[in-house]
Chemist: 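This is the structure I have questions about; it appears just below.
Naming: A, B, ... by sequence-line order, numbering from 1 per chain. As the structure is a computational prediction, the values presented were derived from the model and not from experiment.
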Amino acid sequence: MDYDYKSIETKWQAWWASEKTFKAENHSDKPKYYVLDMFPYPSGAGLHVGHPLGYIASDIYARYKRLKGFNVLHPMGYDAFGLPAEQYAIQTGQHPEVTTTNNINTYRRQLDKIGFSFDWDREVRTCDPKYYKWTQWAFELMFKSWYDYDTDKARPIDELKAHFEKQGTEGINAAQSEPLSFTAQEWKAMDEHKRQETLMNYRIAYRGVSMVNWCAGLGTVLANDEVVNGVSIRGGFPVVQKPMEQWNLRITAYAQRLLDGLDTIDWSESVKIIQRNWIGRSEGTEMEFKVKGSDRHFTIFTTRADTIFGVTFMVLAPESELVKELTTPEHKAEVEEYLKYVEGRTELERMSDRRVTGVFTGSYAVNPFTGEDVPVWVGEYVLSGYGTGAIMAVPAHDSRDYAFARHFNLPVVPLIEGADVSKESFDAKEGIVMNSPRKGAASLDGFSLNGLTVKEAISATRKFVTEHHLGRVKVNYRLRDAIWSRQRYWGEPFPIYYKDGEPFCIPEDKLPLALPEISDYRPTETGEPPLGRAAKWAWDEKNACLADTSKIDGKNIFPIDLNTMPGFAGSSAYYLRYMDPHNDEALVGKEADDYWQNVDFYLGGSEHATHHLIYSRFWNMFLYDYGYSCKKEPFQKLVNQGMIQGRSNFVYRVNSDDHAKAPVFVSLGLKDKYETTPIHVDVNIVHGDVLDTEAFKAWRPEYRNAEFVLEDGKYVCGWAVEKMSKSMFNVVNPDMIVDQYGADTLRLYEMFLGPIEQSKPWDTKGIDGVSRFLRKFWRLFYDREKWLPEDGQPSRAELKALHTLIGKEQDDIEKLSFNTTISAFMIAVGELADLSCTKKAILEPLVVLISPFCPHVAEELWHKFGHEQSVSFAAFPQYKEEYTVEDNVTYAVSFNGKTRFTASLPKALGKAEVEEKVLAMEQTEKYLAGKNVAKVIVVPGKIVNIVLK
RNA sequence: GCUUUGGUGGUGGAAUUGGUAGACACGAGGGACUUAAAAUCCCUUGGGCAGCAAUGUCCGUACGGGUUCAAGUCCCGUCCGAAGCACCA
């Protein structure tokens, strides 16, 4: 029987599906292992060869873990809400659900062809109301929670209310939007509206006004990375900054825990660093500055408290409320003009065009250490959102302050010995402090930093500031709360209705609040989100049910929120849902959660390093606070697979003005002799950079009569590595590869391409190599129709080939070095073929070894051996013992630094014995004939070096 | 600008983490089998020099230094590429 991958693959894929081979149970005596892929967004284009790269890797790992005796959870689902389906709906009127379902079916069909070991009974779709019920549930829980820094966890908002009743804000250390302080009496005096407003300051899911990227063309808010040069990436519509009231998640409350948690998980250092940067912890000092001639004072934040003696001016953010208060009448006109200018600049302009601008307020602040007057300026380089929106400027030691000082001709006072600040500032935190205070200048309580190192000076200043109540040590984070509202249709609705403008939750037992049908997916004429078109989108509070929008009366029937949640919502807890996907009572049942704990192995693209992977960790920590998730971190080990890039091919059309003439194309090597235009050509009609000219003529009607200038009788195409995309004609569909070579070959080849973390271009050139290997592998078992494996004692060489492979495979798979594992297979199979090995004792385990990579072939052969169930590695313990590599160490023997030969000696030998043995060797004696040995150096286990006189 | 990564044959990539650089594969060239093709198998394949030959020998991991008996691997400097952050005080 020849290797007929088509019948083998369809046969076993059907068998796995009907047997539910990969169904994972929530109970087992085996240890658990949870292998997860980042679930895909089912786009209309279907899968290309880049998508399965990660899935194949994780599937190999999952199958390997099963062989090692684990109960493996390996699920798959779809991140199905999103803008493309909605955009398509706007253009065609096709309901996003229809598009999405079609796309999912295509994905499923393509995935099934590759032979993954997913437990499809656990599939989730984020757009399924049964699923997003739990997204909405978690959101409501966040709405009903506040964050307590004292216990460092989320707690029910009712507990906060009870505290306010008794003591007001006294003794509360909560995460909040604005610092509030009131007594129990004041709380009791508040009306309901005021109380709700107050609680909003503390809720973890809260409404707040924030500046957003508003895209009128798309009718929605966009994330920063969806905007380039002031226009939307999708559609190219203009984007403006606009204040809007939005739902926010108080992720900043978790900043420190998100940071600390990174030390407990096994992620690549680069992703950890990206997250650390994103969280942006900086430890500094908040200091109070008095305003000269007034009893007002304001607060600044600095990480360089030690530079207090070099402050020559202060700068306020233009948006700061202090600007109005500190502007003197003489400067009012100037300041207002400046504010107008800043307002006219978008955030993008401020970022791309960094000019030095600012204006003097007319006020002076008093340096608390020296009593000196310092002018207060306004400048757009100070951000209102970070720190206190006000800084003390030390031009000598901060490059931004320096640029500002030079531009406005403000003084620069150097504070570090030997630092030359005539051309640029000295920003480094090193050196010996001077001028602090300057000779003869006053200083509060005679405080001096002169002679200290910068580090010493920072801590000395902090201590002094705290003791003298000039300020406090403070930690700042760059992390911002997550804006959670999107003005779209195809997302999770907020389960919130509004009474008198105040938000209230739809009762938990009425969830999910399902997305209503609408006739048109565009925003409404009045600029409301698409849900503004829904006919039945009001809440009847009395009967706890949906009601017609027209019936809203503000007494019993109230409007429901018209926004939906962003894509990150559905992906924030899906890994928990997989553990217990059919549970109607909970997101995940206690037992299932206790059993599966968290994801052991998570694989996906590094583009999610900041968004999904931060939101998901936050979401999980929040659920952990309430005991719904038993682990602090959702993803124990994270691996980022690289992207598969496209490899485009070009043909070179000879330029010609005569369009009636047949187009002429010249081969790559000859193109410099002509004037040509490169044209992308479909890579599917190019083989090894040689164009199939007949297929090319058939490809496009305008090329029907094409003529070719060939070299060596072939048309050679040019090539380039580009993004895999339809417009470059370089998309390779995995279905084609499966049809042509089989799924097992595709799996092998994608892994053989290189390390999974690495991005690389797809190039089908090398696929014949693994295809050949697989046929060779097959021939170990079959000589045409004849089944070869037979009983008998394997030879030493056969055992060695097998056991070298066993060792190598286990080492390499744990390191995820699948390409080298496959090399090891090629070597082993080559050796066994040379030995004409037909021993069952070798071939049977060989099938087990290859099964993670080529499951179809393995299943076929395994059944042929007469086994029904697959086995674990542990079922062959004798293999490791039957053949033991002698416990030797290889010494490289060198003379005067040049390696001459190697010597294999027992590990147990001591230094002197090794020297003796090596010197006694024939080769050594040959080299040493008539020479004097000066010394012999033995490095344990490594090398013996003989130095001659 | 800062941070993180990389730079090895014609190509994709190996190298037990400091120990015979180029495993494995592709491509290329030569050969065997065959009427022929497919398939399969064998040999050569980093560069230079010497030799009919087995082989010997020198140079080679972006570049320049250094540490070491020994460096692709560690350290310093330079050049180039990729990714992330980007007025965060």
Chemist: Please report the distance separating the C1' of B:rC42 from the corresponding atom of B:rG6, rounded so that it comes out in whole Å.
Modeler: 39 Å
Chemist: When we call it a touch if two heavy atoms are under 4.0 Å apart, what does A:Pro761 touch: a base, just sugar-phosphate, or nothing?
Modeler: nothing
Chemist: Looking at residues at least two apart in the chain, or sitting in another chain, which of them share a salt bridge (charged side-chain N to carboxylate O under 4.0 Å, His left out) with A:Asp744?
Modeler: none
Chemist: Measuring only between side-chain heavy atoms, which start at C-beta, is A:Phe853 closer than 4.5 Å to A:Val770?
Modeler: no
Chemist: Can you check the distance between B:rG13 and B:rC26, where both ends of the measurement are the P atom (answer in whole Å)?
Modeler: 16 Å
Chemist: Taking the side chain of A:Ile274 as its heavy atoms from C-beta onward, which of B:rG84, B:rC24, B:rA89 lies nearest to it?
Modeler: B:rG84
Chemist: Would you measure the distance from the C1' atom in B:rC69 across to the matching atom in B:rA14 and give it in whole Å?
Modeler: 26 Å
Chemist: Would you indicate what A:Asn819 reaches in the nucleic acid, counting non-hydrogen atoms under 4.0 angstrom: base, sugar-phosphate, or nothing?
Modeler: sugar-phosphate
Chemist: By nearest atom, which of the nucleotides B:rA89, B:rC24, B:rC85 is closest to the A:Ile827 side chain?
Modeler: B:rC24
Chemist: In whole angstrom, give me the gap between the P atoms of B:rG77 and B:rC85.
Modeler: 27 Å
Chemist: Consider the side chain of A:Arg779, meaning its heavy atoms from C-beta on, and name the nucleotide among B:rG13, B:rC41, B:rG84 that approaches it most closely.
Modeler: B:rC41
Chemist: Could you check A:Val413, A:Val433, A:Leu449 and say which one makes a side chain to side chain contact (heavy atoms under 4.5 Å, CB included) with A:Phe309?
Modeler: A:Leu449
Chemist: Between B:rA25, B:rC87, B:rA89, which one does the side chain of A:Glu380 approach most closely?
Modeler: B:rC87
Chemist: Heavy atoms from C-beta onward define the side chain here; which of B:rG84, B:rA89, B:rC24 lies closest to that of A:Ser282?
Modeler: B:rA89
Chemist: Using whole Å, what does the distance between atom P of nucleotide B:rG13 and atom CD of A:Glu750 come to?
Modeler: 14 Å
Chemist: Taking the side chain of A:Arg775 as its heavy atoms from C-beta onward, which of B:rA39, B:rA14, B:rG13 lies nearest to it?
Modeler: B:rA39
Chemist: Ignoring backbone atoms, test whether A:Gln758 places a side-chain nitrogen or oxygen under 4.0 Å from the OP1 or OP2 oxygen of B:rG13.
Modeler: yes
Chemist: Quickly work out the A:Gln645 CD to B:rG12 P distance and round it to whole Å.
Modeler: 12 Å
Chemist: Could you work out the separation of B:rA53 and B:rC41 based on their C1' atoms and round it to a whole Å?
Modeler: 26 Å
Chemist: From the set B:rU4, B:rA89, B:rA14, return the single nucleotide nearest to any side-chain atom of A:Ile273.
Modeler: B:rU4
Chemist: Taking only the P atom of each, what is the distance from B:rG65 to B:rA71 in whole angstrom?
Modeler: 15 Å
Chemist: May I have the distance from A:Phe853 (atom CZ) to B:rA25 (atom P), rounded to whole angstrom?
Modeler: 16 Å
Chemist: Please name all residues satisfying salt bridge (charged side-chain N to carboxylate O under 4.0 Å, His left out) with A:Arg281, sequence neighbours left out, ordered by chain then number.
Modeler: A:Glu283
Chemist: Considering residues at least two apart in sequence or located in another chain, which fulfil the side chain to side chain contact (heavy atoms under 4.5 Å, CB included) criterion with A:Ser759?
Modeler: A:Met643, A:Gln645
Chemist: Determine whether the side chains of A:Thr299 and A:Glu286 contain a donor N or O and an acceptor N or O closer than 3.5 Å.
Modeler: no
Chemist: Is the closest side-chain heavy-atom distance between A:Tyr386 and A:Phe301 below 4.5 Å?
Modeler: yes
Chemist: Counting the benzene-type ring for Trp, do A:Phe404 and A:Phe313 have ring centres under 6.0 Å apart?
Modeler: yes
Chemist: From the options B:rC24, B:rA89, B:rG13, select the nucleotide whose nearest atom is closest to the side chain of A:Lys760.
Modeler: B:rG13
Chemist: Any donor and acceptor pair, going by atom type alone, linking the side chain of A:His397 with main-chain N or O of A:Thr307 inside 3.5 Å?
Modeler: no
Chemist: Does NZ or CZ of A:Arg617 fall inside the cone over A:Trp278's six-membered ring, less than 6.0 Å from its centre and within 45° of the axis?
Modeler: no
Chemist: Do A:Ile56 and A:Ile756 have side chains that get closer than 4.5 Å, going by heavy atoms?
Modeler: no
Chemist: Report the distance from atom NZ of A:Lys474 to atom P of B:rA89, rounded to the nearest whole Å.
Modeler: 14 Å
Chemist: What is the separation between atom CD1 on A:Ile614 and atom C1' on B:rG84, rounded to the nearest whole Å?
Modeler: 13 Å
Chemist: For B:rG84, does the O4'-C1'-N9-C4 or O4'-C1'-N1-C2 angle fall within 90° of 0, making it syn, or is it anti?
Modeler: anti
Chemist: Measure from CZ on A:Arg478 to P on B:rC85 and round the result to the nearest Å.
Modeler: 9 Å
Chemist: Which whole-number value in Å describes the distance from A:Asp398 CG to B:rA89 P?
Modeler: 9 Å
Chemist: Does a side-chain N or O of A:Ser759 approach OP1 or OP2 of B:rA82 to a distance below 4.0 Å, or not?
Modeler: no
Chemist: Say you pick atom C1' in B:rG12 and the same atom in B:rG27; how far apart are they, in whole Å?
Modeler: 11 Å
Chemist: Send over the distance from A:Met643 CE to B:rA83 P, rounded to a whole Å.
Modeler: 10 Å
Chemist: Please write out each protein N/O paired with an N/O of nucleotides 26-34 of chain B under 3.5 Å, distance rounded to 0.1 Å.
Modeler:
residue : atom : partner  : partner atom : Å
B:rC26  : OP1  : A:Arg772 : NH1          : 2.6

Chemist: If you look at every strand shown and take non-hydrogen atoms under 4.0 Å, does A:Ile391 touch a base, only sugar-phosphate, or nothing?
Modeler: base
Chemist: Assess the side chains of A:Asp481 and A:Thr252: does a donor N or O sit below 3.5 Å from an acceptor N or O?
Modeler: yes
Chemist: So if I take every side-chain heavy atom of A:Pro755 and compare against B:rC24, B:rA14, B:rU4, which nucleotide ends up nearest?
Modeler: B:rA14
Chemist: OP1 or OP2 of B:rC2 less than 4.0 angstrom from a side-chain nitrogen or oxygen of A:Arg276, does that happen here?
Modeler: no
Chemist: Given pairs defined as Watson-Crick or G-U wobble with both distances under 3.5 Å, what dot-bracket annotation applies to RNA chain B, with ( ) intrastrand, [ ] crossing, | other strand and . unpaired?
Modeler: (((((((..(((......[....)))((((((.......))))))(((((....)))))..(((((..]....))))))))))))....
Chemist: Determine the Euclidean distance between corresponding C1' atoms of B:rG72 and B:rC63; express it in Å to zero decimal places.
Modeler: 14 Å
Chemist: Select from A:Leu753 and A:Ile822 the residue whose nearest nucleotide in RNA chain B is closer to the 5' end of that strand.
Modeler: A:Leu753
Chemist: Taking side-chain hydrogen bond (donor to acceptor under 3.5 Å, both in side chains) as the test, write out the residues that go with A:Asp427, two or more places apart.
Modeler: A:Ser399, A:Ser425
Chemist: Report the glycosidic orientation of B:rU34: syn if within 90° of 0, anti in every other case.
Modeler: anti
Chemist: Taking only side-chain nitrogens and oxygens of A:Tyr381, does any of them come within less than 4.0 Å of OP1 or OP2 of B:rA89?
Modeler: no
